[in-house]
Student: 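I'd like to ask some things about the structure below.
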Amino acid sequence: MSSISFDDLKAIMSRCIGELDGKEITEADLATPFTDIGYDSLAVLEIASQLQREYSLQIPDEAIEEMDSPKAVIDYVNANLAAV
Amino acid sequence: MTTSVVTGVGVVAPNGLDREAWWQATLDGKSGLGRIGRFDPSRYPVQIAGEAFGFDPADHAPQRLVSETDAMTQYAFGATNEALADAVVRPEDFSDLEMAVITANSSGGVEFGQRELQKLYADGPQAVGAYMSIAWFYAATTGQLSIRHGMRGPCGVLCSEQAGGLDVLAQARRVLAKGTRLVVSGGTDASLSPYGLVCQLATGRLSTRARPDRAFIPFDPEAGGYVPGEGGAILVVEDLDEARARGAERIYGEIAGYAATFDPRPGSGRPPGLRRAAELALADAGTLPDAVDVVFADGHGVPELDRAEAEALTALFGAEGVPVSVPKTMTGRLYAGGAPLDVAAALLALRDQVIPPSVNARPDPGYRLDLVTHSPRKARLRTALVLARGYGGFNAAVVVRSV
């Protein structure tokens with residue numbers, strides 16, 4: 001896989017922590033902070049861990065700390081996949 | 001001077017998945033013990049357990065919380081929802097710092113932990129989920145309840161094996177006396193994954209019998225250990241005046257007395273501490289033994305522990321001096337959830353003026369106990385004594401009383 005789409009990330013988020021109380025995440029939430037859409041720091045850690053396995057990436061802890069929204073995750077993953 | 005009272009009760013038990021279902025099953029003598037169903041137990045020495053079959057965590061919490069918690073915490077989600085609804089508490093009427101969560105825990109989230117450790121061995125560290133870092137901790141249940149219900153007062157967790165479920169009620173009283181307005185207390189445990197079961201075998205106290213009706217028979221001459229179970233009870237505890245002022249619909253009873261003792265080291269020649277715990281709890285409640293209407297015994301089902309408890313009871317109350325009940329013969333021992341469930345039984349006994357039975361046990365006449373065995377007994381009840389012991393020397397006693 002050479003890039004990640006919003007739908008790819010959504011599938012991983014849903015697998016990590018399940019559906020969010022009936023609310024579906026849409027592309028309008030791309031830049032919304034994770035904490036505002038119900039994902040705490042552990043959930044982000046879990047998402048990052050899944051991404052590392054599925055995309056064979058090494059994501060350092062400092063980079064995970066910077067991933068504050070779905071968009072930040074997608075941008076990071078795509079930048080690093082392109083660099084491979 | 002605060003008077004700590006219970007205004008809400010929530011239950012998840014092997015013989016009933018909510019308060020009234022469990023209580024009716026208990027009065028009807030319906031046991032929740034059976035052959036272990038989550039995994040094939042044929043290669044394990046223990047065959048019988050009390051499992052909360054049919055409990056669906058998704059009925060009690062959003063999927064997001066279900067996937068990051070162990071069954072022990074999911075039982076607490078269900079029981080807490082029920083207890084808060086029973087107490088007709090509206091958390092928005094309180095400030096977050098006025099409410100606390102204080103639960104007991106003994107097993108930890110062993111099923112969750114086992115699953116993640118198996119991923120570690122099979123697929124490496126990256127395969128372990130991030131929630132492993134919290135889900136199997138003793139404090140996970142208190143933490144999740146605190147976050148979920150916005151209760152940020154003096155929260156805590158107590159781990160004193162099977163006595164902890166009484167120790168938390170004492171801590172609830174302490175924080176109420178210091179000004180907290182409402183405490184969600186009690187405890188739930190879930191110890192029945194293969195790994196969890198193997199951890200318990202080391203005590204040598206578990207029953208290896210294969211018949212559900214003979215596996216856990218406290219005070220019986222054939223007693224041969226106890227059956228583990230899962231679930232527990234959550235109680236809403238408040239100051240009596242506060243509860244009345246906010247219009248609480250039911251005051252189940254007062255946590256009137258409490259004491260804990262620790263057994264002397266083995267071989268010291270000194271007596272075990274259970275009797276002293278009971279005496280101190282009665283003194284704390286300002287009650288003499290003859291005012292106690294019923295005892296919910298620890299009922300370990302291990303012969304030397306049964307004998308020690310029977311001796312403590314006859315020393316305090318005389319031969320057959322008080323009705324004794326062990327309704328946990330129908331659930332197994334729920335670890336940190338067991339004593340809160342016994343307190344729930346005591347409170348519902350006070351409510352309905354009936355003593356639940358201790359089915360399957362045929363008491364040894366030598367113990368000289370008035371054990372309520374096959375069917376419930378109507379009685380005039382105002383004061384109940386609840387006893388609990390935990391492996392390693394823990395003893396605790398609570399007196400509950402009608403107000």
Side-chain angles (χ1 to χ4, degrees), chain A residues 1 4 7-26 29 32-70 72-74 76-77 80-81 84, chain B residues 55-71 73-74 77-78 80-81 91 96 101 108-109 111-113 115-152 155:
Chain A
M1 277 180 275
I4 182 171
D7 283 339
D8 295 334
L9 176 61
K10 206 171 97 173
I12 286 171
M13 286 166 70
S14 160
R15 199 171 341 123
C16 285
I17 69 165
E19 295 301 320
L20 276 175
D21 313 347
K23 278 177 299 182
E24 186 159 344
I25 311 251
T26 67
D29 299 311
T32 311
F34 276 119
T35 46
D36 291 357
I37 48 175
Y39 287 75
D40 59 22
S41 56
L42 274 179
V44 177
L45 201 59
E46 179 70 26
I47 291 164
S49 149
Q50 297 257 349
L51 287 168
Q52 298 191 70
R53 258 177 296 155
E54 286 193 27
Y55 292 84
S56 304
L57 281 171
Q58 291 286 335
I59 308 179
D61 289 350
E62 308 81 66
I64 296 173
E65 284 168 27
E66 305 280 311
M67 292 177 175
D68 52 2
S69 69
V73 174
I74 290 170
Y76 177 89
V77 172
N80 284 273
L81 285 174
V84 172
Chain B
F55 179 88
D56 184 353
D59 293 343
H60 307 278
Q63 188 57 42
R64 184 170 54 86
L65 288 181
V66 171
S67 55
E68 64 182 64
T69 48
D70 182 79
T73 302
Q74 294 161 8
F77 286 145
T80 302
N81 290 345
D96 55 357
V101 182
E111 194 162 37
F112 195 106
R115 190 180 69 223
E116 298 302 317
L117 288 175
Q118 284 176 320
K119 287 187 202 167
L120 173 68
Y121 303 145
D123 303 317
Q126 289 300 332
V128 177
Y131 290 103
M132 177 64 172
S133 62
I134 54 170
W136 76 330
F137 284 6
Y138 291 131
T141 297
T142 284
Q144 290 286 5
L145 292 176
S146 165
I147 294 166
R148 181 155 194 227
H149 297 288
M151 299 176 170
R152 301 176 62 226
C155 295

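Bear in mind the structure is a predicted one, so any value in this text is a computation, not a measurement. Proteins come first, then strands; the chains are lettered A, B, ... in the order of their sequence lines, and each starts at number 1.
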Student: Report the residues that fulfil ring pair (Phe, Tyr, Trp, His ring centres under 6.0 Å) with B/His149, sequence neighbours left out, ordered by chain and then residue number.
Tutor: none
Student: Using atom types as modelled and distance alone, determine if a side-chain donor or acceptor of A/Glu46 lies under 3.5 Å from a backbone N or O of B/Ala130.
Tutor: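 At least one qualifying donor-acceptor pair exists.
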Student: Supply the atom-to-atom distance B/Gln126 CD to A/Arg53 CZ, rounded to the nearest 0.5 angstrom.
Tutor: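 Output value for this atom pair is 7.0 Å.
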Student: Against chain B, label A/Ala48 side chain, backbone, both or neither, depending on which of its atoms sit under 4.5 Å from a heavy atom there.
Tutor: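 For A/Ala48, neither part sits under 4.5 Å from chain B.
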Student: Verify the neighbour count for atom CZ of B/Arg152: are there more than 12 heavy atoms of other residues, nucleotides or ligands below 6.0 Å?
Tutor: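 Check fails, neighbour count at 12 or below.
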Student: Taking atom OG of A/Ser14 and atom CZ of B/Arg64, what is their separation to the nearest 0.5 Å?
Tutor: 13.0 Å
Student: Hey, which residues of residues 131-146 of chain B are touching chain A, say heavy atoms under 4.5 Å apart?
Tutor: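 Under the 4.5 Å heavy-atom cut-off, B/Tyr131, B/Ser133, B/Ile134 qualify.
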